Number of protein chains: 2
Amino acid sequence: MDETKTMELIPHLKERGLRITPQRLLILEAIISQEGHPTAEDIHQYIPYTSLTTIYNNLKLFVKLGILNELPYGNGLSKYELNHSKHYHVICQECGKIVDFNYPNLKEVEHVASELTNFHILYHQFEVYGICSSCQDEES
Amino acid sequence: MDETKTMELIPHLKERGLRITPQRLLILEAIISQEGHPTAEDIHQYIPYTSLTTIYNNLKLFVKLGILNELPYGNGLSKYELNHSKHYHVICQECGKIVDFNYPNLKEVEHVASELTNFHILYHQFEVYGICSSCQDEES
DNA sequence: ATACTAAATTAAAATCATTATAAATAAAAC
DNA sequence: GTTTTATTTATAATGATTTTAATTTAGTAT
């Protein structure tokens, strides 16, 4: 099942003349099977025989290709997710956990921003910050 | 004029038993007079006789006190702004410049997020990414 | 199948923003 | 003015990420 998803991504790589290496497949599988928003280090723990350098190189590459999104929020380290359908994020202030939630697209705000600032708008991000339920429980 | 704003912030410090040091006043003045979203390094260029360590210490402190907001977007370094009235940000993909714009508060989304994720919500951020007008001009 | 070549991987060192440490200084209270 | 304790500072440490340069390998051509 996870392998299916990984295989779907291969054409994206081939289209751009990139080589299909075991490491690239492992990195994609790692992100898919963790189902969350892993850091480079998380991925490395999952596939320890692939060097951290390679993981960083390919994460950067996949972001540039549009396969992944980079989420630079939180404690000065990035998390990564598949660039699937639009959604937003809730981030826990305590533990840094990121949870997805759906909400109608806020592209109206993009139009206003464009008019007010003369930027050529590409996309937006929306993050809600709070305390997740497990961290709420831990408060005495 | 800038000094007036700085002076308004002094009671915030005194209330919490913090000392009014020349360095703290300089840091606040630097942020106010740059009128933008300076990095720690920007501030240090502006007041080079205050050590970078002190600047980092106080930025962190001011964020904890609620006087400043930290904006961790962009190329792995933080920018800072006065925590004034609510607004949103447009960020240039090319040069990293941040520009403010106003839009009605999106707190409706917070309610939805809370219901869907069981987080205790504290606040939200919204950023629009694009290309600023100067960077648009530079494209041939 | 085999050899070739450019692309990819890797270990090691470098970089950059930020934080910790510990000694020197100075703000505020007496 | 003296004292106390917070603050500043230089220095070193940290941790995530990037660079470098040598080795390996995917994909193509033979």
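Proteins get letters first, then strands, A, B, ... in listed order; numbering begins at 1 in each. Given the structure is predicted, the values throughout are model-derived calculations rather than measurements.
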- Validation row: A:L28, A:I67 side chains within 4.5 angstrom (heavy atoms): yes
- Query: For the pair made of CG in B:N58 and C1' in C:dT19, what is the distance, rounded to whole Å?
  - Reply: 14 Å
- Message: Expressed as a whole number of angstroms, how long is the span from A:L61:CG to D:dT18:C1'?
- Response: 15 Å
- Message: Please confirm whether the shortest side-chain N or O distance from A:Y56 to OP1 or OP2 of D:dT18 is below 4.0 Å.
- Response: no
- Query: So which heavy atom on A:Q34 is nearest to which on A:D42, and how close?
  - Reply: OE1-O, 3.5 Å
- Using atom CD1 of B:I27 as one end and atom P of D:dT7 as the other, report the distance to the nearest whole Å. 12 Å
- Task: Anything under 30° is parallel, anything over 60° is perpendicular, the rest tilted; go ahead and classify B:F101 against B:Y88.
- Result: tilted
- A:V90 versus B:T117, closest heavy-atom pair with distance: CG2-CG2, 3.7 Å
- Scanning both residues in full, the closest heavy-atom pair of B:H44 with B:T50 reads CD2-O, 3.0 Å
- Whole Å only: how far is the CZ atom of B:R24 from the P atom of D:dT9? 11 Å
- Can you tell me how far P of D:dT8 sits from CD1 of B:I43, to the nearest Å? 14 Å
Distances under 3.5 Å only, N/O to N/O: pair up the protein atoms with those of nucleotides 27-30 of chain C.
unit_1	atom_1	unit_2	atom_2	d
C:dA27	N3	B:R19	NH1	3.2
C:dA28	OP1	B:I20	N	2.9

- Item | Derivation of the side chain to side chain contact (heavy atoms under 4.5 Å, CB included) call for A:I91 and A:K97 | CA-CA 6 Å; A:I91 301 163; A:K97 183 167 60 191; over 6 Å; no
- Query: A:Y129 and B:H124: aromatic ring centres closer than 6.0 Å?
  - Reply: no
- Message: To check you understand the geometry: which heavy-atom pair defines the closest contact between B:Q136 and A:N118, and what is its length?
- Response: NE2-O, 3.2 Å
- To the nearest angstrom, how far is A:H44 atom NE2 from D:dT17 atom P? 13 Å
- Separation of B:L71 atom CG from C:dT18 atom C1', in whole Å? 17 Å
- Query: For B:S78, which contact category applies under a 4.0 Å heavy-atom criterion: base, sugar-phosphate, or nothing?
  - Reply: sugar-phosphate
- Query: According to a 4.5 Å side-chain heavy-atom criterion applied to Ile, Leu, Val, Met, Phe, Trp and Tyr, with indirect links allowed, do B:Y103 and B:Y123 form part of one hydrophobic cluster?
  - Reply: no
Contacts under 3.5 Å, N or O only, protein and nucleotides 10-15 of chain C:
unit_1	atom_1	unit_2	atom_2	d
C:dT10	OP1	A:Q23	NE2	3.4
C:dT10	OP2	A:S51	N	3.2
C:dT10	OP2	A:S51	OG	3.3
C:dT10	OP2	A:T54	OG1	2.6
C:dA12	N6	A:T53	OG1	3.4

- Check the distance between D:dT17's P and A:E41's CD and give it to me in whole angstrom. 9 Å
